[in-house]
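Okay, so here's the structure we're looking at.
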Amino acid sequence: MTDVAQIRRDAAQTRRWGWWYVTELRLREMKAYISYVVTSSFGNPLMYLLGLGVGLANLIPDGIDGVPFLVFVGPALLMSTILTIGAEEGMYPVLGGFKWHKIFFAIHATTVTPGQIVGGFLVHLAIRFTFTAGVFYLMLVAFGAVPLGTGWLMIPISILGAFAILTPLAAYSAGIEDDRGQFALIQRLIVMPMFLFSGTFFPLSQVPDWLEWIGWVSPLWHASQLGRTVSYGLVEPLWLTLLRVAILAAYGVIGAILMRRAFVRRLTR
Amino acid sequence: MSHSVIRAVNLTKKYDDFVAVDGISFEVARGESFGLLGPNGAGKSTTMKMIASVSTRTSGELTVLDLDPNVDGPAIRSQLGVVPQEDNLDGELRVRENLLTYGRFFGLSRAEAGKRADELLEFAQLSDRANSKVEPLSGGMKRRLTIARSLMNDPQMLLLDEPTTGLDPQARHILWDRLFRLKEQGTTLVLTTHYMDEAEQLSDRIVVVDKGQIMAEGSPAELIRTYSTREVLEVRYGSDKNVSVAALIADVGERQEVLPDRILIYSDNGEQDLAEITRRGHHPTTSLVRRSSLEDVFLRLTGRSLVE
C-alpha cells in the first residue's frame, strides 16, 4: 500500500516538469497543422515584402527616417505578424480548450496544475514564435532590409510583444462562457486599429495628435520601435528604449498573472 | 492509514446561492465499487469533481487516499484515473498519441508510456485503431479510449462520471465487461450514473442522491429489500382511466404508485395480485410482473422517476 509521504514524493518529482509535458503535448499537436505553420511563416513575409517593399516603396523614393522604406517598415512588419498570431492564439485556442474540446480539463485531471498549463502553453508559443519570427528575419536579411548585426534581436522583441497582447487576451478568453462574437469585436476594435495606428507603415508622429495615444498603449508600436532600434539604429533616448521594454514586460507579466488566475478559476470551480 | 480511500463528512459545494451538494457524508473502502445513483442535476458530478480534486469544496471534510484535496490536489490526482462525463480526447492527436501524451503528464518516460499505451489499447480493444484519428471513432470506442487513457498512470482508484450515457446497448455491455475486469483486479471504482441497471451491474454499494442530499445507502439488493417489495406488477388502463381504476384496487398489494401511463403495484406475489384485479373485473390493456429495481427504490424515496 502506498503511503501518504510516498504519494507526495512521487507527485512532487513529476510536478517539476508539468509545464514541459504540456509544451510537449502542444508541439505534438502542431504536427496536425505544421504545413499551415510552415507555409504561413514563409508566405506571409514574402507577400508583405513584395507588396510593400517592392511596390509601395517605389512611391517613397526618399525613404523614411533616413533609411529606405523597406528598412523602415521591415521591423514593424515582422512585429505585426508575430503580434497578430499572438492575439489569435490568445482567443479561440484558449476558449476552445475550456469550452469545446475541453483539453485543459483533461490535463488538469492529472498531476499538472493550472499554472503549469499556462506555463506550457506559453513556452510552446514562444517556440512557435521563434520559428516564425526567425523565418521572417531571414527573409528581411535576404531582401537587404536589416543593416545592423543586432537585427536578430527582433526575434526576442517580437516574442515579448506577442506575449504583451496574448496574455491579457488569454486571461479574458479563459473567462468567456458563451461565444457571442466577442473575438470578432476584438479583432475589429483592438487588433486592427493597433495595426493601423501604431506607426507600422509611417512614423507615429504622422498620426493626428488625438489618435497618438493608441500608439502609446499599443504593444505593437513599442515592439516596432525597439525593432527599428536594433535593426537599423533608430535613434531614441535610452530611457525611452528601456521604457518600451518595461511597458511590454509589464503587459506580459500582468497578463500572465491574470491568465493564471483565470485558468485556476475556470479549472477548479 | 485508515481503511477508507475516500471519506466525506458534511461535504458541501455551493455556487453563489445554489447548493449543488448539500452536506453529504460517505466512505469508500479500498477495492470497493461504489456508485452514486441519482437523476441529472442531483449533485453527482460535482461530488465527483471534488473527489477528483479539481473542484474546491465550500465546506465539510474530504480526504482522498488520506490526503486533503485542497492541500494535496496534484498528489491525489497522480493516483486517480478520471473518466469525465463528456469525452475530452485530443482531436489533434492520433489514438495512441492520446495515451502517450497523457502518460507523460504522470511523469512516465516515453518508453514506459509507449509500452503502457500498447497494453491499454489491447485492453480497450483498440489496437487496430492505434494510428487512427479520434474523430471517426464510434461513441463506444471513444469511451473505451478515454478509459484506457485514465489507466495510463495505473491508478489506485478510477472515477467514472456517467460512463455509458449516450452509448448503444452493445457498446454499454462491452464497456461494463472492461470495467468489471478492473474491479476483479482490485481497482477501486467510483461511478455516477442515472441508469439503475448500470448501478446494479457495477456497484457493490450505492448511495442514492437527490437535490444534493443522500437519500439512502446500501448494496443494490439491500436497497431493494429495504425500500421496495420483491415484485412489481405494472398494469395499464389508458392514461385517462389509470387514476380512477387505481382507487378501486388500492387495497391490492402492499403499496401503489400511480404514474401517468401505468399503475405500479408493489407486492410479494405479482401474479396473485394480477389474478385478484382480474377477478374484480378490472382487465388491464397490458400487464407485466417484474422484479423490483433501483428505479422503484428511487421512486419510493423521491416520488420521482430517475430518467425524466
Side-chain angles (χ1 to χ4, degrees), chain A residues 1-34 36-37 93 96-117 119-120 124 177 263-269, chain B residues 1 3 5 13 15 20 30 46 49-50 52-56 63-94 97-98 100-108 110 113 133-134 146 149-150 152-153 155-156 159:
Chain A
M1 195 180 282
T2 324
D3 70 4
V4 167
Q6 182 70 37
I7 293 175
R8 283 196 179 121
R9 223 172 14 251
D10 290 352
Q13 206 165 355
T14 309
R15 280 181 64 191
R16 232 168 283 146
W17 291 99
W19 62 272
W20 173 248
Y21 303 141
V22 177
T23 304
E24 227 180 76
L25 168 80
R26 309 290 302 195
L27 289 173
R28 203 186 265 268
E29 284 174 341
M30 253 176 78
K31 269 201 325 195
Y33 54 95
I34 191 70
Y36 163 76
V37 174
F98 289 112
K99 194 171 164 61
W100 295 303
H101 49 80
K102 298 179 187 287
I103 194 71
F104 295 139
F105 292 102
I107 302 172
H108 187 231
T110 71
T111 49
V112 179
T113 62
Q116 289 175 322
I117 296 175
H124 148 254
E177 294 294 338
F263 270 58
V264 169
R265 198 171 293 163
R266 187 106 183 216
L267 289 171
T268 63
R269 68 182 170 195
Chain B
M1 187 183 262
H3 181 62
V5 284
K13 178 77 184 187
Y15 295 101
R30 185 174 296 274
T46 310
K49 280 190 192 160
M50 289 191 278
S53 309
V54 293
S55 177
T56 37
T63 55
V64 181
L65 301 168
D66 283 336
L67 294 163
D68 180 344
N70 283 4
V71 180
D72 283 303
I76 294 171
R77 296 200 295 270
S78 74
Q79 304 296 318
L80 302 181
V82 178
V83 179
Q85 196 166 351
E86 288 173 66
D87 289 321
N88 52 20
L89 295 160
D90 194 326
E92 308 277 13
L93 302 178
R94 306 277 163 161
E97 285 179 315
N98 262 277
L100 285 180
T101 50
Y102 218 67
R104 294 286 287 152
F105 291 138
F106 294 100
L108 266 58
R110 285 190 190 82
K133 287 185 172 176
V134 171
T146 307
R149 190 184 68 175
S150 74
M152 279 301 286
N153 58 328
Q156 295 195 41
L159 309 180

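Labels below follow one simple rule: chain letters A, B, ... track the order of the sequence lines, proteins then strands, and each chain is numbered from 1.
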* Structure fact -> Distance col, row A:Asp10:CG vs B:Phe106:CZ, nearest 0.5 angstrom, shows 12.5 Å
* **Exceeds 12 heavy-atom contacts within 6.0 angstrom, atom OH of B:Tyr15** => yes
* To do: Locate the shortest heavy-atom distance separating A:Ile7 from B:Gln79; write the atom from each residue and the value.
  => CG2-CG, 3.8 Å
* Nearest-0.5 Å distance that lies between atom CG in B:Asn98 and atom CG in A:Leu25 -> 8.5 Å
* For each of B:Leu67, B:Asn88, B:Leu108, tally heavy-atom pairs with chain A at distances under 4.5 Å, and name the one with the top tally. => B:Asn88
* Asked: Taking all atoms of both residues into account, what is the closest heavy-atom pair of B:Pro74 and A:Arg15, and its distance?
  -> CB-CD, 3.4 Å
* So what's closer than 4.5 Å to chain B heavy atoms on A:Tyr33: side chain, backbone, both or neither? -> side chain
* Asked: With a 4.5 angstrom heavy-atom cut-off, which part of B:Arg94 approaches chain A: side chain, backbone, both or neither?
  -> neither
* Relative to chain A, which segment of B:Lys13 carries a heavy atom at a distance below 4.5 Å: side chain, backbone, both, or neither? -> side chain
* Asked: Would a distance-only check, ignoring hydrogens and angles, find a side-chain to backbone donor-acceptor pair under 3.5 Å from A:Thr110 to B:Arg77?
  -> no
* **B:Leu159 portion near chain A, given a 4.5 angstrom heavy-atom threshold** => neither
* To do: Report yes if some heavy atom in the side chain of B:Thr101 is under 4.5 Å from a heavy atom in the side chain of A:Tyr21; otherwise report no.
  => no
* Asked: In terms of heavy-atom pairs under 4.5 Å, which option from A:Met30, A:Lys31, A:Glu24, A:Gln116 contacts chain B the most?
  -> A:Glu24
* Largest heavy-atom contact set with chain B, pairs under 4.5 Å, which of A:Arg28, A:Arg9, A:His101, A:Lys102 -> A:Arg28
* To do: Of all the heavy-atom pairs spanning B:Leu65 and A:Val4, show the shortest one and how long it is.
  => O-CG2, 3.9 Å
* **Region of B:Asp90 that comes under 4.5 Å of a non-hydrogen atom in chain A** => both
* Asked: So which of A:Pro114, A:Ala11, A:Ala106, A:Ala32 has the largest heavy-atom pair count under 4.5 angstrom toward chain B?
  -> A:Ala106
* Asked: Which atom pair, heavy atoms only, marks the closest approach of A:Arg8 to B:Ala75?
  -> CA-CB, 4.2 Å
* Structure fact -> Cut-off 4.5 Å, heavy atoms of chain A, and the answer for B:Val54 is both
